[in-house]
Every structure is written in C-alpha cells, then in structure tokens.
Amino acid sequence: MEKINISKDKLNRIQNFLNKTIEDKVVAGASCLVLKSGEELGYYEAGLRDVERKLPITRDTIFRMFSMSKPITSIAVMQLMENGLIDLGDPVSQYLPGFKNQRCYKDGKITSVTEEMTIKNLLDMTSGLCYPGENNDTEKITSDFVNEAGKKLHTPDEMTTYDLMNELGKIPLAFEPGEKWNYSFSADVLGAIVEVASGMKYSEYLRKNIFEPLEMFDTDFYVPADKQERLARAYDTDGVEFKEFTGENLLIQSRMEERPKFESGGAGLSSTIDDYSKICTMLLNNGEYKGKRILHPETIRFMTMGSLNERQRSCIGNWNYLNGYTYGNLLRVLKYPGEAVSIGVQGEYGWDGWLGVYVSNIPEYDMTILYMQQKPNTGTTDVVNKLRNIIFSSIYKENA
C-alpha cells in the first residue's frame with residue numbers, strides 16, 4: 001500500500017513565491033493554507049490587507065468570498081434534499097412563482113420553454129440564466145435588471161433575496177434549461193429556494209445548519225463593526241501602484257457594513273481562511289466534522305461527481321483554467337487531468353471567487369488547498385496555477 005507524504009522543504013517554497021508575488025505588485029496581499037486529513041501542512045502569508053494603513057495580511061483576515069459562496073449553497077441544498085424538503089427534479093416555479101411560464105430565446109426569437117427549469121439545472125449551471133454582460137440578449141436584460149436593483153441598495157426599497165429572484169425569473173432565458181452550461185445567477189436562485197423550503201431567512205439557515213456546527217464564527221453576509229479592521233480591501237494594480245476597488249459587483253456591498261436584504265447564495269459571503277477550511281475538512285471527512293454530521297457520505301459522493309454531459313461540458317472550454325474539468329452541484333470537478341493547465345489529480349473539486357479566492361479538495365490525497373487574495377476580476381489566476389504546481393510537486397509516495 002502506498003502512503004502519501006509531503007516534502008516540507010519543497011512545500012515551503014510557497015513562502016518565497018508569495019513574497020515575490022507581493023514584491024512584483026501582482027496583488028497587495030495573499031495567504032495560502034495546505035491541509036492533509038484536516039491537519040495543517042503549511043500556512044503562508046505575505047503583503048497587506050490595507051495598503052494605505054499598512055495593515056498586514058494575518059491569519060484572521062476576512063476576505064469576500066464572492067463565488068466561493070456557491071459550494072456552501074450547494075451544501076445547504078444537499079441538506080434539504082436529505083431531509084426530504086426538496087427533490088432536485090422539482091421545477092423552480094414550485095418555490096418561486098416568478099419562474100412560472102418561462103420563456104427563452106431560440107433562433108433569435110422569444111418562445112415558451114419546452115422543459116421547466118429544475119433545481120438540478122440550477123446546481124449544474126444549465127438553467128439558461130445569465131450574469132450581467134453583453135454577449136446575448138439575456139445578459140443585456142440581466143445587466144439592466146442588476147443596475148436597477150443596485151439603485152435600491154442602502155435604501156428602504158432594497159429588494160430581498162426572495163423578491164429579487166422572483167423578478168429575475170421573468171427574464172427570458174438564453175437557452176432551454178439543460179441545453180447548455182452557462183455561469184449565472186443560478187446559485188442565488190437556490191438561496192431563495194432554501195428560504196422557501198426551510199421557512200428560514202437564508203443567513204439564518206446557514207448559521208444554524210452549517211456555520212455553528214462547523215464553528216465558523218467569522219463567516220456571514222456582512223462584517224460587523226468590531227471585525228471591520230480585519231476585512232481585506234480589494235486592489236487593482238498595474239504592477240506599479242495599487243488602486244482600491246470600492247464598487248458593488250453583483251449587488252455585493254464593498255465593505256459589507258450592513259446586513260443586506262439580498263443574501264446572495266452565489267456571491268454574498270465573507271470568511272477567513274481557517275473558517276472556510278472547516279467546510280473543506282467536513283467534505284473530505286465524508287460529511288462529518290468533530291463528531292457532527294453535516295451531510296451523509298453518499299450525499300458527498302453525489303455532490304462531488306460532476307454532472308455535465310459532453311455537450312454541456314464543451315461550453316466551459318472557453319474558460320482556459322477549466323480545461324479538463326467538468327461541473328456539477330456548484331463545483332468544478334477534474335475529469336481529465338491531462339487536459340488541465342496545472343498539475344492535478346482526477347476527482348479533485350472546488351471553486352474560486354471574483355476577487356481571487358480559491359479552493360481545491362483532493363480526495364485521493366485527503367488534501368485541501370486554499371488561497372486568498374482580493375483583486376477584482378481574477379478567479380483562478382496564474383498565481384494559483386503556480387501554487388498548485390509547487391504543492392503537487394511536493395507530494396511523493398512510498399510503500400507503507
């Protein structure tokens with residue numbers, strides 16, 4: 001039997017790499033955590049969370065997760081499925097009336113859908129929904145929708161999760177549900193479904209059923225005043241100087257100072273590297289954390305298998321860092337390691353976020369990689385791919 005070991009000397013190359021990344025002003029600050037079997041193999045940090053005040057990145061720095069909120073939403077949906085509160089084949093309109101009688105674009109014309117959108121379509125990003133953009137009519141209408149909703153932020157008219165998603169459902173879809181894969185507001189719709197099915201506000205459901213059992217006390221949809229100093233600022237950079245980004249992308253507050261009415265299941269959470277690691281450890285431990293059962297082992301297997309057929313998977317080909325991956329249940333899953341742009345192992349899964357946070361669980365090695373930064377419009381970057389190559393080349397096998 002082969003035993004997986006890690007060369008600590010090789011793994012510690014991460015620190016020099018992060019130092020050089022900061023020195024070259026690629027990002028203002030970053031941290032990286034590598035775990036095996038829930039135990040820390042190495043933690044590394046460099047740079048600043050606040051450039052103007054010269055405050056360093058620290059282990060308890062709070063980062064905006066953006067799309068790394070999505071795996072947590074998937075966990076919530078899996079719990080509801082286990083408890084018989086939903087079926088993944090349920091039509092979305094069963095929970096959100098705004099999704100009744102949906103229409104979609106077909107050959108340049110708007111027509112009624114032939115198949116109703118299901119919860120599974122949302123989990124797999126095959127719903128036909130879009131994010132804001134200019135590539136098609138649905139993206140353009142969604143952009144207008146988000147801009148109008150953005151005008152109501154920080155006012156008494158700010159829309160709730162339920163109301164906002166019901167209105168979203170009235171926008172004609174880009175394609176028939178199930179026809180293609182397209183990254184979208186799907187996870188946000190799932191957050192509203194969790195509210196309806198559970199009878200609880202989304203943040204309340206997550207706190208009671210995920211965050212408190214996992215002892216995630218720094219994870220929420222806002223950052224209270226006594227924690228604000230720990231929240232990393234986001235910076236654009238031209239390689240010479242940093243400029244703070246203070247926009248409210250996808251209706252997410254820049255400083256997250258207020259409890260939002262719209263609790264975004266796709267982008268709304270903030271967390272620390274240690275808090276998020278507990279999600280990862282629970283998943284790798286077949287749904288259990290410190291004796292507390294969050295999900296059943298069979299649910300974990302289902303959740304992390306990848307769901308796309310080859311026609312749907314072909315739609316992710318223009319995302320270069322997803323070469324070799326499939327997708328399902330709000331997670332990328334490595335299916336063909338030889339097609340990937342960095343070293344990897346079949347079956348590893350995870351996701352990233354718009355400000356550059358990144359997670360990967362590697363079941364074969366019982367290992368987690370977490371990387372945190374706050375730089376707009378990044379996701380999985382070449383920094384992450386280089387880190388992955390350092391980490392995977394630190395692994396060696398020997399006979400037990």
Side-chain angles (χ1 to χ4, degrees), residues 8-9 11-35 39-66 68-69 215-220 222-247 249 252-257 269-280 352-360 368-388 390-391:
K8 289 294 182 69
D9 287 341
L11 192 68
N12 287 338
R13 292 176 296 186
I14 291 173
Q15 188 62 61
N16 290 335
F17 173 73
L18 287 185
N19 292 344
K20 183 70 163 57
T21 299
I22 303 306
E23 181 184 320
D24 291 345
K25 296 192 173 180
V26 177
V27 294
S31 60
C32 180
L33 176 63
V34 184
L35 303 172
E39 299 297 320
E40 182 180 315
L41 291 176
Y43 169 75
Y44 311 89
E45 63 187 35
L48 304 173
R49 69 176 187 268
D50 187 321
V51 171
E52 288 73 25
R53 297 170 66 196
K54 294 184 169 51
L55 299 176
I57 291 284
T58 51
R59 187 130 187 182
D60 65 352
T61 295
I62 297 171
F63 298 86
R64 282 153 289 189
M65 294 291 103
F66 272 88
M68 258 170 60
S69 305
E215 301 170 15
M216 296 171 64
F217 302 122
D218 279 329
T219 304
D220 207 337
Y222 89 119
V223 180
D226 61 341
K227 297 182 180 182
Q228 272 290 320
E229 190 172 87
R230 290 198 278 134
L231 178 62
R233 296 181 181 273
Y235 294 98
D236 272 317
T237 175
D238 57 5
V240 178
E241 61 181 3
F242 294 105
K243 182 179 180 182
E244 186 178 358
F245 174 81
T246 58
N249 186 45
I252 308 303
Q253 300 174 32
S254 177
R255 291 302 298 173
M256 306 185 78
E257 293 172 305
L269 290 169
S270 61
S271 189
T272 64
I273 203 165
D274 280 321
D275 259 19
Y276 206 97
S277 75
K278 295 169 185 177
I279 289 282
C280 306
D352 59 27
W354 183 75
L355 289 177
V357 294
Y358 173 90
V359 62
S360 185
T368 296
I369 300 169
L370 275 162
Y371 172 75
M372 301 283 172
Q373 66 171 45
Q374 301 279 266
K375 181 180 177 180
N377 202 28
T378 46
T380 299
T381 62
D382 58 347
V383 171
V384 164
N385 287 330
K386 290 172 182 176
L387 275 171
R388 285 175 54 86
I390 291 171
I391 293 165

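By convention here, the first residue in the shown sequence is residue 1.
For K278 (side chain) and M216 (main-chain N/O), no donor-acceptor pair under 3.5 Å exists by modelled atom type. Side-chain atoms of D218 do not come within 3.5 Å of backbone N or O of T272 as any donor-acceptor pair. Listed for the T368 side chain is no donor-acceptor partner under 3.5 Å among the backbone atoms of L35. Side-chain atoms of Q228 come within 3.5 Å of backbone atoms of R255 as a donor-acceptor pair (strictly under, hydrogens ignored). Checking side-chain atoms of D238 against main-chain N and O of V240 turns up a donor-acceptor pair under 3.5 Å. Of the possible polar contacts, none joining the K243 side chain to the D236 backbone as a donor-acceptor pair under 3.5 Å is found. Between the side chain of S270 and the backbone N or O of I62 there is no donor-acceptor pair closer than 3.5 Å. For the pair R64 (side chain) and Q374 (backbone), a donor-acceptor distance under 3.5 Å is absent. In terms of modelled atom types and a separation under 3.5 Å, the side chain of E257 and the main chain of V223 share no donor-acceptor contact.
For T378 against Q373, the heavy-atom pair with the smallest separation is OG1-NE2, 3.4 Å. Between A46 and N19, the shortest heavy-atom distance links the atoms CB-OD1, 3.6 Å. L355 and A234 get closest at one heavy-atom pair: CD2-CB, 4.0 Å. Annotation for G47 and I22: closest pair CA-CG2, 3.8 Å, computed over non-hydrogen atoms. When all heavy atoms of G247 and S254 are compared, the closest pair comes out as O-CB, 3.5 Å. When all heavy atoms of I273 and Y43 are compared, the closest pair comes out as CG2-CE1, 4.0 Å.
Taking 4.0 Å as the cut-off between side-chain N and carboxylate O, D50 and R233 count as a salt-bridged pair. Note on E229 versus R53: salt bridge recorded, some NZ/NE/NH1/NH2 to OD/OE distance being below 4.0 Å.
The closest side-chain heavy-atom distance from V27 to T381 is not below 4.5 Å. Proximity of K375 to V26: side-chain heavy atoms (C-beta onward) are separated by under 4.5 Å at one or more points. A heavy-atom distance below 4.5 Å is not found between the side chains of L18 and E45.
Among residues two or more places apart in sequence or in another chain, the salt bridge (charged side-chain N to carboxylate O under 4.0 Å, His left out) test is passed with D274 by R59. Remark: D220 engages R259 in a salt bridge (charged side-chain N to carboxylate O under 4.0 Å, His left out) (not counting sequence neighbours). Listed by chain and residue number, R49, P56, D60, T61 satisfy the side chain to side chain contact (heavy atoms under 4.5 Å, CB included) test with T58 (two or more places apart in sequence, or in another chain).
Atom CG of L48 sits about 8.0 Å away from atom CZ of F242, to the nearest 0.5 Å. Within the model, atoms SG of C280 and CD1 of I369 stand 10.5 Å from one another, a figure rounded to the nearest 0.5 Å. With rounding to the nearest 0.5 Å, the separation of CZ in F63 from OG1 in T219 is 12.5 Å. Between the SG atom in C32 and the CD1 atom in I391 there is a gap of 4.5 Å [rounded to 0.5 Å]. Atoms CD1 and CG, on I390 and L11 in that order, are 9.0 Å from each other to the nearest 0.5 Å. From M68, atom CE reaches atom OH of Y276 across 4.5 Å, with rounding to the nearest 0.5 Å.
For CD of E52, the number of neighbouring non-hydrogen atoms (other residues, nucleotides, ligands) closer than 6.0 Å is greater than 12.
A donor atom on one side chain and an acceptor atom on the other are not found under 3.5 Å apart for Y371 and D352.
A tilted orientation is assigned to the rings of W354 and F66, their planes being inclined by 30° to 60°.
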